[in-house]
Amino acid sequence: MAGLAYTLGKREINYYFSVRTAKALALGAVLLLAACHAASRRYRGDDTCEYLLSSGRFLGEKVWQPHSCMMHKYKNSEAKNCLIDKHIVFLGDSRIRQLFYSFIKIINPQVKEEGNKHGNIPFEDKFASIKVDFLWYPEVNGSMRQRIKSWTEGSVAKPHIIVAGAATWSIKIHNGSNEALTQYKINITSIAPLLEKLAKSSDVYWILQDPVNEDMLSESRKMITNEKINAYNEAAVRILNSSSRNSKAKVKLFSVSKLIAQETIMKSSDGLHLPESSRDTTKVLNREQTDEWKGWMQLVILIYHISGASTFLPVYMHIRVLVAAYLFQTGYGHFSYFWIKGDFGVYRVCQVLFRLNFLVVVLCIVMDRPYQFYYFVPLVTVWFMIIYATLAMWPQIVQKKANGNCLWHFGLLLKLICLLACIYVLSYSQGAFEKVFSFWPLSKCFELNGNVYEWWFRWKLDRYVVFHGMLFAFIYLALQKHQMISEGKGDPLFSSRVSNVLLFISIVSFLTYSIWASSCKNKAECNELHPSVSVVQILAFILIRNIPGYVRSVYSSFFAWFGKISLELFICQYHIWLAADTKGILVLIPGYPMFNVIVSTFIFVCVAHEISQITNDLAQIVVPKDNSTLLKRLLCIAGFFSGLLFFSAMQEQSRH
């Protein structure tokens with residue numbers, strides 16, 4: 001019966017609704033929507049997308065979609081044609097200045113953010129007769145009113161477009177007082193009629209204040225809360241909207257940047273201004289670039305291992321640089337995170353340690369291998385803990401604190417000098433090093449064949465490179481903070497002259513090191529020089545890769561994909577690709593070496609990728625964000641490994 005009912009129903013539907021009927025309905029919908037849009041445009045006027053100013057969706061990096069229309073990405077030639085013979089004025093505080101620079105970079109991408117930050121900034125394109133000015137008026141007060149009034153009286157030429165907004169300075173200098181808000185309402189009420197008068201002949205936009213990331217604000221800006229900003233925005237909306245009598249001569253309220261900031265402000269470096277990523281920038285050593293870097297380095301190291309090229313000293317020395325580059329990235333990446341975020345919680349540390357060590361610990365237990373057998377993971381783990389301890393120990397110095405007082409920068413440099421001194425002492429005192437790592441239970445992790453010499457040798461070989469990475473991160477972030485580098489998409493990192501000089505020096509340094517490494521004859525002597533000079537090759541590559549704007553903006557997605565699973569590739573090669581503790585090659589198809597390598601490589605990469613996904617998923621489960629739950633799990637894990645170590649010690653004692 002059910003089958004019969006279904007068949008009859010299907011026939012009934014097909015009788016009344018066919019493909020031809022569906023096409024007719026679609027045509028009717030198109031005609032109806034076209035008529036509605038035509039009527040809406042006639043009713044609303046030439047402005048076809050009012051939503052562009054007021055509402056929409058943030059779809060991700062640099063993509064904003066207004067409701068009912070699509071945004072056009074203007075080329076500089078198109079922007080010049082639209083703005084020819086126009087005068088545009090940006091009037092307000094540092095947030096308006098940020099919009100000003102983003103705007104003029106559409107006209108001329110080579111513009112640098114230079115000049116007095118707390119002063120007027122002019123821009124002119126004489127060829128297209130475009131004039132754009134930023135006027136520094138951080139408060140809505142009498143001075144701002146006088147400037148606007150001068151445009152309404154006819155004595156001064158009116159700008160064609162005016163973009164204005166201010167509030168955070170009023171909150172800051174009056175310590176967030178209610179009296180300041182009352183005065184703001186009085187002042188904006190006094191300038192509202194002047195703005196409406198200007199709006200009859202010019203396009204006038206009032207920028208509503210973006211939210212802030214309160215946790216990232218410096219001590220001098222702590223009073224700028226989102227609650228205060230909302231109060232100032234509500235006052236501006238209420239007063240400017242109520243002052244209009246003619247809808248066509250209305251000040252346009254620009255709230256889109258506020259909506260975008262709600263999605264992006266958490267990535268802000270100071271908590272007040274929009275992050276660079278939302279302003280079309282490509283940072284030095286951005287995530288895609290470091291993934292690409294790790295990817296091709298890992299592939300080269302894998303080829304080195306499977307080809308048995310370790311007997312060739314020049315090849316060995318170049319591979320040593322690639323390993324050092326991994327550690328350099330460790331120093332750069334983790335230092336940048338702790339310095340910017342100031343996050344020294346247990347959760348972050350446990351996440352990183354779990355991600356680094358989960359697979360290795362499992363293999364140590366299952367394959368009965370010492371932890372030091374997978375030497376690179378212990379190396380990265382120890383250096384991560386050193387970076388963490390350096391920044392977490394008293395006094396904790398992070399970017400937020402240093403922004404309030406530049407003396408903290410010297411305090412951090414003093415910490416780095418102390419770290420360098422400790423590294424130097426341990427590297428030239430094998431006895432002191434062995435005493436540190438020979439204590440039980442540390443010795444169980446760092447001994448290989450009954451002693452810690454191998455661990456000392458591995459550690460000593462790249463002893464300075466993590467410090468170099470930390471120092472590079474500190475210098476780079478300091479230059480970035482003081483706007484001494486340009487990271488706009490396609491822009492050279494420095495001025496043209498400085499960029500050309502540094503690029504030339506980097507190429508010469510890169511080639512010089514390559515020639516030295518290729519002509520190296522004695523492995524012991526080369527290993528002794530390597531910790532001090534490997535940074536030359538690494539820095540040269542970084543500058544060559546990042547100084548030219550175009551080179552910095554592109555990356556290989558192929559190598560970046562491998563870079564995301566580089567840790568798993570390094571560890572899995574011991575048991576899936578290679579054999580006999582890396583002394584041989586895994587043979588799955590005897591008699592066909594090339595076909596064997598192709599098949600085993602395919603399996604090897606697939607397994608590494610799957611393990612990477614499993615590790616990331618497990619990290620979210622095993623390492624909870626709740627501190628009390630995390631502490632209980634850490635105690636359980638500590639008890640489990642204590643039991644393993646005790647059992648291992650009992651086994652060794654019974655053997656002897």
Side-chain angles (χ1 to χ4, degrees), residues 294 296-327 356-382 443-462 517 520-524 526-527 530 562 565-609 611-612 648 652 655:
K294 287 190 292 186
W296 67 257
M297 285 194 302
Q298 184 59 62
L299 292 179
V300 171
I301 290 172
L302 290 174
I303 294 169
Y304 165 80
H305 283 164
I306 202 169
S307 62
S310 58
T311 55
F312 298 98
L313 190 54
V315 177
Y316 166 81
M317 290 307 301
H318 281 92
I319 292 298
R320 289 304 326 156
V321 174
L322 297 186
V323 174
Y326 265 97
L327 294 171
L356 287 172
N357 290 276
F358 170 72
L359 178 58
V360 167
V361 170
V362 171
L363 288 173
C364 287
I365 296 171
V366 174
M367 304 297 294
D368 191 24
R369 294 290 187 274
Y371 182 56
Q372 193 55 224
F373 177 74
Y374 309 93
Y375 72 92
F376 187 71
V377 172
L379 204 57
V380 176
T381 300
V382 167
S443 59
K444 300 299 296 182
C445 295
F446 296 102
E447 281 183 356
L448 189 66
N449 300 323
N451 60 68
V452 296
Y453 174 79
E454 186 69 20
W455 165 238
W456 180 73
F457 173 77
R458 295 285 187 184
W459 179 87
K460 184 182 176 183
L461 205 54
D462 295 300
C520 197
K521 302 297 183 184
N522 187 298
K523 192 172 184 178
C526 291
N527 281 341
H530 168 78
F562 284 99
I565 58 171
S566 58
L567 180 68
E568 287 73 22
L569 287 172
F570 187 89
I571 299 167
C572 289
Q573 68 173 317
Y574 285 84
H575 303 292
I576 299 176
W577 212 38
L578 303 176
D581 292 345
T582 72
K583 301 297 190 298
I585 297 172
L586 182 65
V587 177
L588 299 176
I589 307 173
Y592 299 92
M594 184 58 68
F595 188 51
N596 177 74
V597 168
I598 292 171
V599 172
S600 63
T601 301
F602 176 75
I603 296 171
F604 164 55
V605 172
C606 290
V607 171
H609 185 267
I611 291 175
S612 176
S648 175
E652 285 188 8
R655 287 173 186 171

Q: Work out which heavy atom in Tyr374 is nearest to a heavy atom in Arg369; give both atom names and the distance.
A: OH-CG, 3.9 Å
Q: Would you check if Tyr304 and Leu322 make a side-chain contact, meaning some heavy-atom pair closer than 4.5 Å?
A: no
Q. If you look only at pairs with a residue in residues 588-609, which of them pass as a salt bridge (charged side-chain N to carboxylate O under 4.0 Å, His left out), with sequence neighbours excluded?
A. none
(Q) Can you classify the ring geometry of Phe570 versus Tyr375 as parallel (below 30°), tilted (30 to 60°) or perpendicular (above 60°)? (A) perpendicular
Return a table of donor-acceptor pairs under 3.5 angstrom between the side chains of residues 587-595 and protein atoms on other chains or two or more places apart.
none

Q: Starting from the C-alpha separation in whole Å, work towards a yes-or-no answer on side chain to side chain contact (heavy atoms under 4.5 Å, CB included) for Leu302 and Phe604.
A: CA-CA 11 Å; Leu302 290 174; Phe604 164 55; 3.9 Å; yes
Q. Closest approach of Ile611 and Leu359, non-hydrogen atoms and distance?
A. CG2-CD2, 3.8 Å
With a 3.5 Å cut-off and sequence neighbours excluded, list the donor-acceptor pairs that the side chains of residues 445-454 form with protein atoms.
| unit_1 | atom_1 | unit_2 | atom_2 | d |
| --- | --- | --- | --- | --- |
| Asn451 | OD1 | Tyr453 | N | 3.1 |
| Glu454 | OE2 | Arg458 | NE | 3.4 |

Q.
Would the distance check show the side chain of Ser600 and the main-chain N or O of Asn596 forming a donor-acceptor pair, the cut-off being under 3.5 Å?
A. yes
Q.
Just to verify, what does His530 make a ring-ring contact (aromatic ring centres under 6.0 Å, His included) with, not counting sequence neighbours?
A. none
Q: Compare every heavy atom of Ala580 with every heavy atom of Gly584, then report the nearest pair and how far apart it is.
A: N-CB, 4.3 Å
Q) At their closest point, which heavy atom of Cys526 faces which heavy atom of Lys521, and how far apart are they? A) SG-N, 4.4 Å
Q) Atom CG in Leu356, atom CD1 in Ile571: separation rounded to 0.5 Å? A) 8.5 Å
**Q.** Euclidean distance, Ile306 CD1 relative to Thr601 OG1, rounded to 0.5 Å
**A.** 5.5 Å
Q. How far does SG of Cys572 sit from CG of Leu363, to the nearest 0.5 angstrom?
A. 7.0 Å
Q | Tyr574 side chain to Thr582 backbone, donor-acceptor under 3.5 Å | A | no
Q | NZ on Lys294 to CD1 on Ile301, rounded to 0.5 Å | A | 12.5 Å
Q: Apply side chain to side chain contact (heavy atoms under 4.5 Å, CB included) to Phe562 and Val605, showing your working.
A: CA-CA 9 Å; Phe562 284 99; Val605 172; 4.0 Å; yes
Q.
Distance check, rounded to the nearest 0.5 Å: Gln573 atom CD versus Leu586 atom CG?
A. 12.5 Å
Q | Stepwise side chain to side chain contact (heavy atoms under 4.5 Å, CB included) test for Leu327 and Phe376 | A | CA-CA 9 Å; Leu327 294 171; Phe376 187 71; 4.3 Å; yes
**Q.** Approximate separation, where rounding is to 0.5 Å, of Ile598 CD1 and Phe602 CZ
**A.** 12.0 Å
**Q.** Heavy-atom pair with the smallest gap, counting every atom of Leu313 and Cys520
**A.** CD2-O, 3.4 Å
Q: Scan for salt bridge (charged side-chain N to carboxylate O under 4.0 Å, His left out) pairs involving residues 312-322, sequence neighbours excluded, and state none if there are none.
A: Arg320-Asp462
Q) side chain to side chain donor-acceptor pair (under 3.5 Å) with Asn527: which residues, sequence neighbours excluded? A) Tyr316
